[in-house]
*Asks:* 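The structure follows.
None of the values given here were measured: they were computed from a predicted structure. Residue numbers begin at 1 in each chain, while the letters A, B, ... track the order of the sequences.
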2 protein chains.
Amino acid sequence: MNSQATPHPQPKPKAPTIFDVAKLAGVSIKTVSRVINLESNVRPSTREKVEAAVEALDYRPNAAARVLSGKRFYVIGLIYENPNEFSYMQKVLNGALKACEAGGYTLLLLPLTLPNPDLIDDVQRFVSQSRLDGVVLPAPLGDFSEIQRLLNELEIPFARITPKTGAEDDLSVQCHDEQASFDVTQFLIEQGHRRLGFIKGDPIHGATEHRYRGYIRALQVAGIGLRSEFVRDGMFSFESGKTAARALLDLREPPTAIVASNDDMAAGTIFEARERGLSIPGDLSVVGFDDTPIASHIWPPLTTVRQPIVEMAESVTSLLIRKLKGEQVEPLDQPFACHVVTRASTGERAVQDDLE
Amino acid sequence: MNSQATPHPQPKPKAPTIFDVAKLAGVSIKTVSRVINLESNVRPSTREKVEAAVEALDYRPNAAARVLSGKRFYVIGLIYENPNEFSYMQKVLNGALKACEAGGYTLLLLPLTLPNPDLIDDVQRFVSQSRLDGVVLPAPLGDFSEIQRLLNELEIPFARITPKTGAEDDLSVQCHDEQASFDVTQFLIEQGHRRLGFIKGDPIHGATEHRYRGYIRALQVAGIGLRSEFVRDGMFSFESGKTAARALLDLREPPTAIVASNDDMAAGTIFEARERGLSIPGDLSVVGFDDTPIASHIWPPLTTVRQPIVEMAESVTSLLIRKLKGEQVEPLDQPFACHVVTRASTGERAVQDDLE
DNA sequence: TGAAATAATGACAACGTTGTCAAAACTAGG
DNA sequence: CCTAGTTTTGACAACGTTGTCATTATTTCA
């Protein structure tokens with residue numbers, strides 16, 4: 001295993017340090033430190049000299065020395081539920097990674113399995129062992145008050161991706177979940193559907209409530225009464241969608257369209273419908289939420305709602321980083337917009353069958 | 001934003017340092033250092049004293065100081081292709097994370113988009129900026145010789161997850177891809193199928209070749225001739241599977257079963273078949289590879305091959321860590337086993353239609 | 001023009017560990 | 001019991017940065 005005593009012709013050029021930069025720029029190391037940390041009270045001409053030297057040497061501050069000396073770790077933790085269907089988390093991960101790279105931070109991962117009786121201990125251990133400056137909490141963890149309380153106690157700033165907004169200085173991003181649900185329901189109504197089923201998501205997710213509200217509002221606006229037998233509980237899983245769909249399709253007067261609170265449950269719905277020999281969208285229109293890969297890979301492909309998850313994650317992470325850098329940050333004033341992606345799982349309802 | 005000059009009643013208890021441990025144990029800091037780094041030449045009685053002190057204070061070495069002082073970074077990079085379908089990478093991620101946690105290492109992520117003309121530059125930058133000790137390369141990056149060459153030049157050890165084994169001291173894990181493909185093909189043959197289509201994967205992946213070979217071997221063993229019109233190229237994507245299936249089903253004498261080199265392409269095959277009104281498995285049996293979530297979420301659910309990806313990733317990462325710690329590590333002598341997961345997309349072929 | 005206020009810069013300690021090398025404590029052999 | 005060799009331990013520098021505080025340069029104002 002490389003036991004050959006290979007002579008090193010070039011003894012591996014050592015990375016330049018702050019001293020090298022200081023010498024080249026003709027200033028003290030402290031001044032270099034000020035420039036690279038964007039501190040004030042540096043004469044523009046000095047700044048330029050230092051920047052030129054940094055450039056010339058391709059200098060990068062040594063992260064370890066920085067951490068050891070300073071009070072920051074330049075590390076952000078991403079704590080998430082490790083799901084079966086990773087496409088949401090993949091997007092969150094990509095967005096957070098992007099923001100961290102831009103801000104010079106490192107992203108550390110803590111996947112959790114829920115339900116977890118040791119949740120708080122696990123988070124506690126992660127946060128203290130990994131020496132984090134801040135934490136990003138995607139849904140549904142962002143809604144867990146225990147975690148928020150713990151992080152507040154430890155005085156660790158955090159940012160959440162969740163439909164539920166919190167206190168004044170709370171860092172979180174939302175998207176127009178309620179509106180999207182309204183839009184997709186209205187879309188079905190415009191296609192002539194009057195008997196509209198709804199499958200709720202896992203109540204632990206804030207989005208569940210919002211999506212349900214959008215459905216209700218669309219019914220109200222269209223003057224369609226809410227029928228409780230058309231609303232079923234689900235858990236965001238394929239199986240739960242299948243079960244809920246079974247109940248809906250077993251009704252004496254089943255819905256002609258079903259709004260499932262995510263794509264997995266919509267896939268379950270389609271699965272159940274096909275097992276019964278129903279044609280989609282001929283006999284039943286189905287819509288989902290999230291535009292996960294499965295939405296376009298089942299037959300028929302799903303009409304669904306796409307959210308800008310990557311952008312949301314990136315945005316909230318960079319907000320967190322700016323807060324960590326001491327900037328005064330305002331919470332985002334506007335939720336991100338979602339939009340309906342129309343595919344083959346929905347279609348016109350020829351007969352106005354609600355008048356029978 | 002917390003502008004209230006809140007007095008700190010408990011001024012945040014500082015974490016214990018190696019000095020605290022040394023004092024409590026009645027030894028020098030160097031001896032403590034020896035104990036926590038498992039160095040030799042420490043008297044057992046001394047070791048115990050130190051371990052007790054570490055325990056009592058709940059001491060954890062400061063990572064930054066360690067890095068700054070020593071020659072290691074305690075960081076492993078995971079470089080991967082950022083795919084549409086993340087389920088393979090999710091498993092790799094989980095396995096690598098687990099091994100890193102066990103070994104006291106931190107895992108850093110570099111997602112890449114392929115094809116990427118700046119591939120080498122991106123990797124180069126990541127490796128040098130992030131100060132890594134080692135790198136894990138899941139498929140297909142593990143087969144990219146440019147990356148291997150770069151890492152060798154930089155003298156950064158790496159471990160690969162790929163079916164292709166390399167040099168003697170190469171660190172990599174395999175699973176029995178060829179055997180699994182053989183098994184699943186044989187399974188179809190046992191069900192009476194004689195006209196067996198095959199959809200190849202992306203040639204950039206080592207698995208593509210191995211899976212194809214297993215198919216061929218199963219045909220040979222069964223005494224079935226290889227018909228070139230039954231073998232189609234694919235790219236592991238849903239679309240490419242759909243296209244290949246179209247070609248196969250357009251044949252005057254189409255196959256009665258199709259082996260797709262992954263689940264996405266199998267889903268595409270099912271999609272295409274259903275569009276033509278074919279019944280599955282009545283008219284056509286379909287199998288996939290990988291047991292991704294989609295395999296169980298389409299209708300009918302897919303017979304597929306499950307690989308122990310999490311274990312493979314964990315195992316190869318911990319091998320890498322042991323190598324980094326200076327241990328003499330032997331490459332794994334045995335590939336991991338895969339197994340066939342039987343679901344509803346395959347069925348008996350009643351008529352022996354190859355004799356017509 | 002001079003004094004006071006402010007801005008810019010620098011000297012040096014501190015951060016918590018590991019590496020180097022020397023010293024001390026043991027062990028074995030005569 | 002002494003000596004040489006070996007094992008165990010410790011003192012201290014080094015790692016590369018930021019924080020603190022003192023010093024110097026510049027600006028402002030009377």
Side-chain angles (χ1 to χ4, degrees), chain A residues 12-51 53-54 57-75 104 106 128-129 131 133 324-326, chain B residues 12-51 53-54 57-75 104 106 128-129 131 133 324-326:
Chain A
K12 219 176 200 180
K14 264 189 281 182
T17 73
I18 201 170
F19 286 92
D20 302 319
V21 178
K23 193 195 278 181
L24 182 59
V27 298
S28 74
I29 58 165
K30 183 64 220 191
T31 297
V32 176
S33 172
R34 278 194 263 264
V35 171
I36 60 181
N37 289 292
L38 305 175
E39 286 174 33
S40 48
N41 294 342
V42 177
R43 213 188 304 276
S45 59
T46 310
R47 180 179 304 278
E48 277 163 30
K49 274 192 302 184
V50 172
E51 278 166 352
V54 166
L57 296 173
D58 190 29
Y59 164 75
R60 322 254 171 207
N62 178 309
R66 205 173 221 194
V67 170
L68 184 57
S69 169
K71 288 165 177 38
R72 292 199 211 134
F73 303 119
Y74 297 89
V75 173
T106 289
S128 54
Q129 280 191 31
R131 325 225 174 190
D133 301 300
L324 292 175
K325 287 185 174 169
Chain B
K12 219 176 199 180
K14 263 189 280 182
T17 73
I18 200 170
F19 286 92
D20 302 318
V21 177
K23 193 194 280 181
L24 182 60
V27 298
S28 75
I29 57 165
K30 182 65 220 190
T31 298
V32 176
S33 172
R34 286 194 182 94
V35 171
I36 59 181
N37 289 292
L38 306 175
E39 287 176 31
S40 49
N41 294 341
V42 177
R43 215 188 303 274
S45 60
T46 310
R47 183 180 302 279
E48 277 163 30
K49 275 192 301 183
V50 172
E51 277 166 354
V54 166
L57 296 172
D58 190 31
Y59 165 76
R60 321 254 171 206
N62 178 309
R66 206 171 219 196
V67 170
L68 184 57
S69 169
K71 287 165 176 41
R72 291 198 211 134
F73 303 119
Y74 298 89
V75 172
T106 289
S128 53
Q129 280 190 30
R131 326 228 174 187
D133 300 302
L324 293 176
K325 286 185 174 168

*Asks:* D:dT8, OP1 or OP2 - any side-chain N/O from B:Asn41 closer than 4.0 Å?
*Replies:* yes
*Asks:* Any donor-acceptor pair under 3.5 Å joining the side chain of B:Arg34 to the base of C:dG19?
*Replies:*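 Answer no: no donor N or O sits under 3.5 Å from an acceptor.
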*Asks:* Counting only side-chain nitrogens and oxygens, does B:Thr31 get under 4.0 Å of the OP1 or OP2 atom of D:dG10?
*Replies:*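 For D:dG10, OP1/OP2 do have a side-chain N/O of B:Thr31 under 4.0 Å.
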*Asks:* Nearest whole angstrom, please: distance from the P of C:dG16 to the CZ of A:Arg66.
*Replies:*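 Interatomic distance, CZ of A:Arg66 to P of C:dG16: 19 Å.
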*Asks:* Using the rule given for side chain to side chain contact (heavy atoms under 4.5 Å, CB included), can you reason through A:Val35 versus A:Lys49, listing the C-alpha separation, both sets of side-chain angles and the distance that settles it, and then say yes or no?
*Replies:* CA-CA 10 Å; A:Val35 171; A:Lys49 274 192 302 184; over 6 Å; no
*Asks:* Nearest whole Å is fine: how far is C:dG10 P from A:Lys23 NZ?
*Replies:*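 Those two atoms, NZ and P, are 15 Å apart.
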*Asks:* Pick base, sugar-phosphate or nothing for A:Val27, based on heavy-atom distances below 4.0 Å to the nucleic acid.
*Replies:*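 Sugar-phosphate, backbone atoms only, no base.
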*Asks:* Over how many whole Å does the gap from B:Asn62 atom CG to C:dA14 atom C1' extend?
*Replies:* 13 Å
*Asks:* Report yes if at least one side-chain N or O of B:Asn37 is closer than 4.0 Å to OP1 or OP2 of C:dT18; otherwise report no.
*Replies:*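 For B:Asn37, the contact criterion (side-chain N or O under 4.0 Å from OP1 or OP2 of C:dT18) is met.
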*Asks:* Check the distance between C:dT17's C1' and B:Phe19's CZ and give it to me in whole angstrom.
*Replies:* 9 Å
*Asks:* Do you know which of A:Ile18, A:Thr17, A:Leu24 makes side-chain contact (heavy atoms from CB on, under 4.5 Å) with A:Asp20?
*Replies:*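 It is A:Thr17; the other options fail the test.
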*Asks:* Has B:Thr46 got a side-chain N or O lying under 4.0 Å from the OP1 or OP2 atom of D:dT9?
*Replies:*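 Yes, B:Thr46 has a side-chain N/O under 4.0 Å of OP1/OP2 on D:dT9.
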*Asks:* D:dT9 P sits how many Å from B:Glu48 CD, rounded?
*Replies:*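 That distance rounds to 12 Å.
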*Asks:* Closest approach of B:Leu324 and B:Asp133, non-hydrogen atoms and distance?
*Replies:* CD2-O, 3.3 Å
*Asks:* Is there a side-chain contact between B:Tyr74 and the phosphate of C:dT17, meaning an N or O under 4.0 Å from OP1 or OP2?
*Replies:*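 Looking at the OP1 and OP2 atoms of C:dT17, neither is under 4.0 Å from any side-chain N or O of B:Tyr74.
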*Asks:* Can you tell me how far P of C:dT9 sits from CD of A:Glu39, to the nearest Å?
*Replies:*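 One finds 12 Å between P of C:dT9 and CD of A:Glu39, rounded.
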*Asks:* Enter the distance from B:Thr31:OG1 to B:Arg43:CZ here, rounded to the nearest 0.5 Å.
*Replies:* 10.5 Å
*Asks:* If I take atom CZ in residue B:Phe73 and atom P in nucleotide C:dT18, what distance separates them, rounded to the nearest angstrom?
*Replies:* 15 Å
*Asks:* Given atom CD1 of A:Ile29 and atom C1' of C:dC15, what is their separation to the nearest angstrom?
*Replies:* 14 Å
*Asks:* Nearest 0.5 Å please: distance from the NZ atom of B:Lys325 over to the OH atom of B:Tyr74.
*Replies:* 8.0 Å
*Asks:* For A:Val32 and for B:Ala65, locate the closest nucleotide of DNA chain D by heavy-atom distance; then report the residue assigned to the nucleotide nearer the 5' terminus.
*Replies:* B:Ala65
*Asks:* Any side-chain N or O of B:Ser28 under 4.0 Å from OP1/OP2 of D:dG10?
*Replies:* yes
*Asks:* When the nearest nucleotide of DNA chain C is assigned to A:Val42 and to B:Leu68 on a heavy-atom basis, which residue is associated with the more 5' position?
*Replies:* A:Val42
*Asks:* Return the 5'-most residue of the pair B:Ser69, B:Lys30 with respect to DNA chain D, ranking by each residue's nearest nucleotide.
*Replies:*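 Its nearest nucleotide being more 5', the pick is B:Lys30.
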*Asks:* Quick one: is C:dA8 close enough that its OP1 or OP2 comes under 4.0 Å of any side-chain N or O from A:Arg43?
*Replies:*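 No, outside the criterion.
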